[in-house]
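Structure record follows, encoded as structure tokens.
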There are 2 protein chains.
Amino acid sequence: MAQKTREQLIEVGLKQIHTAGYGATGVNEILALAEVPKGSFYHHFPSKEVFAAAVLQRYGEGETHRWEMILGDKNQAPLKRLRLYFEDLISVYGQTGPISGCLMGNLTLEIADHSDVLQPMLKGCFGAWEDAVAEALREAVAGGELDPSANPGELASFIVNNWEGALLRSKAERSDRALELFLDFTFKVLLKG
Amino acid sequence: MAQKTREQLIEVGLKQIHTAGYGATGVNEILALAEVPKGSFYHHFPSKEVFAAAVLQRYGEGETHRWEMILGDKNQAPLKRLRLYFEDLISVYGQTGPISGCLMGNLTLEIADHSDVLQPMLKGCFGAWEDAVAEALREAVAGGELDPSANPGELASFIVNNWEGALLRSKAERSDRALELFLDFTFKVLLKG
DNA sequence: GGCTGGGAATCGACCGGTCTGTCTAGAGGT
DNA sequence: ACCTCTAGACAGACCGGTCGATTCCCAGCC
């Protein structure tokens, strides 16, 4: 029961913080949606900031699962997997998708500067994500899909950062244009066979 | 006198919203720093949101001035100008710089989804910026620095979005690494002679 | 089995403070 | 006299967080 309450709070909090932002989401709002009294919240989490860290961790776990599923599918060629992966991300986090925007990116711009709790977590999340992409690129090199002179680590970092930039721009424009452009340049220029 | 008060509010608001964010900056905080009473604020601006729009406009004017200065310097080759321009941006908005982060990017992730006042402005700001970069790329093509098959418009869009992504990542890492990587890939891969 | 002690978890009233925005009064220039 | 602008007290909602009371569960003992 205790765990269920905690899980319920994180689940509701993830949705709210992701869509409305950290600052714009009040603890009371989460409590009302989760139908949990305030005392329980502060029993499970010492502060809103630590709660956000738990929410971010859960988001990271979900995203790890996603890339493991798609990027780990050995039935597809590495670059094909990568393309499917980003196409999936667009359908989920693009303007036409159900949520729009990346929680990591949102939290980074909102509070990474000011929170010593969340900033290292964000850094770690981006690092793990970048590593997963780099691994796919390494496999692409090994399989002859990608020029051996390519630097998978730097390339992966650049691509991941570019994705965040495209997502940001797509919010400003309220259109997936920037995301499609990202896809085009990434696979036709940066990762061209 | 009236204009001076208004200007003072915008100036202080720009600094505060840029560094702390829109939600985290209170009207009272701005008033205290600007030494202006609340009545004056709501005389000049109907709401905090409209005030933020004025702040964004001022930021846009400042940035327009910056790129006109650097990208418009015909004494340098177009690509050289562009590189100087981004190097300047890194020194100003990078982690080692005085402010860190782009107001447009910050506002976009924080409220573009929820504000119909700011979202079109942000879209417009990004568009104007992208156009300035595209113009430099067009001049690079005309001058033979860049392959004529390049599409200056799309390339400029991609580069601008990538810049925002790199800036975001630099916040998560509290390091300029992503910005240097952006510079490298942009000029060695995307805009290679 | 029945009893009990005690920590875990729940619950919501309550706290001081802060939020954006309003209102009325008056200062100052023309 | 008029109108723009200054001035700040005030409103009412909401903020994150605290606190003490209560319920629940279950291990340990008889």
Side-chain angles (χ1 to χ4, degrees), chain A residues 1-56 58 106-107 110-119 121, chain B residues 1-56 58 106-107 110-119 121:
Chain A
M1 214 71 218
Q3 286 309 313
K4 216 185 99 186
T5 301
R6 195 188 141 95
E7 284 303 298
Q8 172 75 349
L9 285 169
I10 290 178
E11 195 171 320
V12 169
L14 173 54
K15 189 187 295 181
Q16 285 306 110
I17 292 178
H18 194 168
T19 55
Y22 174 80
T25 299
V27 172
N28 289 325
E29 185 184 341
I30 295 168
L31 298 176
L33 288 168
E35 294 181 317
V36 162
K38 186 165 268 192
S40 299
F41 183 92
Y42 282 98
H43 169 76
H44 290 287
F45 308 99
S47 70
K48 186 189 176 188
E49 190 183 15
V50 170
F51 172 69
V55 164
L56 175 59
R58 189 190 185 79
N106 296 354
L107 285 178
E110 192 173 354
I111 39 175
D113 275 359
H114 314 291
S115 166
D116 291 337
V117 174
L118 286 164
Q119 181 268 332
M121 283 191 66
Chain B
M1 213 72 222
Q3 287 309 312
K4 216 185 98 185
T5 300
R6 195 188 141 96
E7 284 302 298
Q8 172 74 350
L9 285 169
I10 290 178
E11 195 170 320
V12 169
L14 173 54
K15 189 188 296 182
Q16 285 306 110
I17 293 178
H18 193 167
T19 56
Y22 174 80
T25 300
V27 172
N28 289 326
E29 187 184 341
I30 295 168
L31 298 176
L33 288 168
E35 293 180 319
V36 162
K38 186 164 271 190
S40 299
F41 183 93
Y42 283 98
H43 169 75
H44 289 289
F45 309 98
S47 70
K48 185 188 175 187
E49 190 183 14
V50 169
F51 172 68
V55 164
L56 175 59
R58 189 188 185 81
N106 297 354
L107 285 177
E110 193 174 353
I111 39 174
D113 276 359
H114 314 292
S115 167
D116 291 338
V117 173
L118 286 165
Q119 181 268 333
M121 283 191 67

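In this text the structure is predicted, and so the values were computed from the model without any measurement. Here is how names work: the chains are called A, B, and so on, in the same order as the sequence lines, proteins then strands, and each is numbered from 1.
Put simply, the side chain of B:Ile10 reaches to within 4.5 Å of the side chain of B:Phe45, judged on heavy atoms.
Here NE2 of A:His44 is found 10.0 Å from CD of A:Glu7. Values are rounded to the nearest 0.5 Å. Atom OG of B:Ser40 is separated from atom CG of B:Leu31 by 8.5 Å, given to the nearest 0.5 angstrom. For the atom pair OG1 of B:Thr25 and CD1 of B:Ile17, the computed distance is 5.5 Å after rounding to the nearest 0.5 Å. Put simply, CG on B:Leu9 and NZ on B:Lys4 are 12.0 Å apart, with the number rounded to the nearest 0.5 Å.
For A:Tyr42, no side-chain nitrogen or oxygen approaches OP1 or OP2 of D:dT18 to under 4.0 Å. Phosphate proximity of D:dG16 to A:Ser47: absent, as no side-chain N or O sits under 4.0 Å from OP1 or OP2. The shortest distance between the side-chain N/O atoms of B:His44 and the OP1/OP2 oxygens of D:dT4 is not below 4.0 Å. Between A:His43 and C:dT10, a side-chain N or O to OP1/OP2 separation shorter than 4.0 Å is absent.
The separation between B:Glu49 atom CD and C:dG21 atom C1' is 14 Å, rounded to whole Å. When the C1' atom of D:dT6 is taken as reference, atom CD of B:Gln8 falls 15 Å away, rounded to whole Å. Between B:Phe51 atom CZ and C:dT20 atom C1' there is a gap of 13 Å when expressed in whole angstrom units. As rounded to whole Å, 13 Å separates atom P of D:dC25 from atom NZ of A:Lys4.
Both cation-pi conditions hold for A:Lys48 and A:Tyr22: the charged atom is under 6.0 angstrom from the six-membered ring centre and inside a 45 degree cone around its axis.
Taken residue by residue, residues 10-38 of chain A places heavy atoms nearer than 4.0 Å to DNA chain C at A:Pro37, A:Lys38.
For A:Lys48, whose side chain is taken as the heavy atoms from C-beta onward, the closest listed nucleotide among C:dT10, C:dG21, D:dG17 is D:dG17.
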